[in-house]
Amino acid sequence: MTDGADMSPLFPDIIKASATSDLVQKKLTYLYICNYAAVQQDLALLAVNTLQKDCLEPNPMVRGLALRTMCSLRIPSLVEYIQMPLKKGLQDSSAYVRRNAVNGCAKMLHVAPEIIQDAGVINQLYGMIRDKDPIVVVNCLQVLEEILQAEGGVVVNKNIAHYLLNRVQDFSEWGQCQVLHFLLKYKPSEEEETFDIMNIVDVCLKHSNSGVIMAALKYFLFLTQDMPQIQEQVYNRAKSPLLNIITSGGPELSYVALCHIQYILKTSPGLFNKDFKKFFCRYNDPLYVKTKKLQVLTEMATDGTENDIVEELSMYCTDVSNDLATASIQAIGKIARRLPTSASHCVGTLLKIHGLQQEHITSAVLMALKDLVLLYPDIVSKVTPLLPNCVDLVQEGPAKATLVWMMGQYGHTLPNGPYILEDMIENVASEISVQVKLELLTATAKMFFSRPAECQDMLGRLLEYSIDEDTNMAIRDRALMYYRLLHTDVQQARRVILGAANRPVQIQDSDAPGQEVINLKDLNTLVPIYGRRRWDVMVEERRRKEDQTKLTNGTSDNTDMGAKGGEEDNLETLEETIYLVSHYNLTPQEFETKWEQLDCVTTVHLDYDPTHSPNGLLQKLEGAHIFTMASSPEDATPWKAFLFAVAEMKDQTHLVLVELCLDRMAATMQATCKFDADQMEDAVPLISQFGRVFRGQILKTHEYYWEI
């Protein structure tokens, strides 16, 4: 079963084997029943009798196991048999049984919500918050949060909050994190009560688990959000635990802590000023931790710490990792932009680093200096003499475009400035980068207005090539614009191309403070790791996929797909059940003819587990009466297979053809399905029901969606 083979034919035998006193054998048989109950729904009814008997066993392990298995079946027709054992399990004397009963309520919510949302069950779960077993308490909070999601989740009043606070030490590490999260739903009304709560929770800041520390910090900031002075003391109180995570935790925990510290610095910039050396990179830090430390050091640099931080960053420029060396140079440039008083020191450091004469270092230095010469014009005289030495080192990418821009902006002060550009123009036909060509056009035009006699001929050749030979429309359009400006009025062309002198310059980093709205409730979530904007995009994408899944499963309100009739008729149509015929003969010629004729098409995208063989997949599908017409050799890339099935629905038979394409490199699978439904009202339930069968038999997937 774990290898992907279809073991569902053994369902009756396994049910018989479940009636045993051996606990290990019972666990294995119940695992099998849970796995194949959705496929063998009719036979699953035979297992209910054994499960109900086990729910009355004296052994609490057997009772809990049986109750967990019954709730995991998730078959609507069996709900009436599960309801009574579930309610008894909530009152069981064994904590293990009560845990499974509470979790079973969450499972049954998706099968029979009307039973779980009954006021009696909800009141019983609220009462179980005072259960003596701490795991039962946390499970009750989680289940109530899910059941009452439409009403805003579980309600935490003063009595519940104080009860949870007094027992906070009894919970496990995970339980403490969850309890502190739910306590955010209760806001003390008096300042004295707030301080009493903080004294109780203060011990959590000393916990060895980083999750508990972050949950406690978030709760403290929530309690003190209206007390700025106290909140600053909270930051100072949490500083030591956060630094301990960075210095003594694993790389993954260090990275998460660094992300949260970077997030906190946007609200309290000077919090870690005295501890900046704790953020210096260690030799055994992985690259992603080192990169995040560079970002944090850049943001915490001040006039008093800038010299030490820049000196440390300059040492990373010779690291074996080109990415780290480039990031350290960019960090020095950001510090110079943030702190005008440190610009001179940072520029001097960058000029020294440039002397290393390595391509990736020179490229990074040029890109850092590009912004600095705009902000601080007085350093231009220090930077321009370096440009001729960079021509041979910088050959491609954005760095070469930066070099060309600087030559056009300041190269007129160099004796050989025009001739450097001329060498580039001679090789413009072999240049791949569009950005470099565009910058070369502008730089040559700028140089022409400063030294026309030396640049007139090469500008003409560059314009001629760009207009007549280059195939890129952006390059051709810019060249035509320059040509027509120069042909019409040279002085007007000067004003357009050179622009206004002494215009204000504003350069803002994408990750600079103020770019995102900071919400302290985002602490101890994934927002500090991904960033608010990216996280919002991810949440929206996930919501869109969930809506699409509901649509294809027939649970959306907009599933009429053009069918006639009202919403009730559509829901009745979608509830039709299809059956796949176990035997059907179809020749390859008939398959090919039908494939060309059918026009009702849907596409399924699934993740594929590379450890599973394609032939095993075909065997699994054949067990569900989805037959193979032809397939590629197992080691073929890409691997393809053509499948067919006959579905019976509403006393009609429908032929379903499938083209299965496997991409091993991307670990994805695409199934193109064609149906012979004549009308759309027949196609919608057919697509929905066949999709369930197909997804149920194919590999376990992490995500999928249908395009109808």
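In this text the structure is predicted, and so the values were computed from the model without any measurement.
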Carboxylate-amine/guanidinium proximity below 4.0 Å for [X] and [Y]:
X: R282; Y: D285; answer: yes
X: E540; Y: R544; answer: no
X: K674; Y: E659; answer: no

For [X], enumerate each residue passing the side-chain hydrogen bond (donor to acceptor under 3.5 Å, both in side chains) test, keeping only those at least two apart in sequence or located in another chain.
X: Q357; result: none
X: E596; result: none
X: Y316; result: E312

Between E299 and Q262: side-chain donor-acceptor atoms closer than 3.5 Å: yes
side-chain hydrogen bond (donor to acceptor under 3.5 Å, both in side chains) pairs, two or more places apart, involving residues 301-310: T302-T305, D303-T341, E306-H345, N307-H345
Heavy atoms, side chains only, cut-off 4.5 Å: are [X] and [Y] in contact?
X: E232; Y: S268; value: yes
X: L485; Y: T488; value: no
X: L258; Y: Q295; value: no

Q229 atom CD, over 12 foreign heavy atoms within 6.0 Å: no
M315 atom CE, neighbour heavy-atom count above 12 within 6.0 Å: no
Nearest-0.5 Å distance, OG1 of residue T349 to CG of residue L313: 9.5 Å
Side chain T442, main chain E439, donor-acceptor under 3.5 Å: no
Inter- and intrachain pairs under ring-ring contact (aromatic ring centres under 6.0 Å, His included), touching residues 273-300, at least two apart: Y255-Y288, F272-F279, F276-F280
Where at least one partner belongs to residues 463-475, residue pairs that pass salt bridge (charged side-chain N to carboxylate O under 4.0 Å, His left out), sequence neighbours excluded: K437-D470
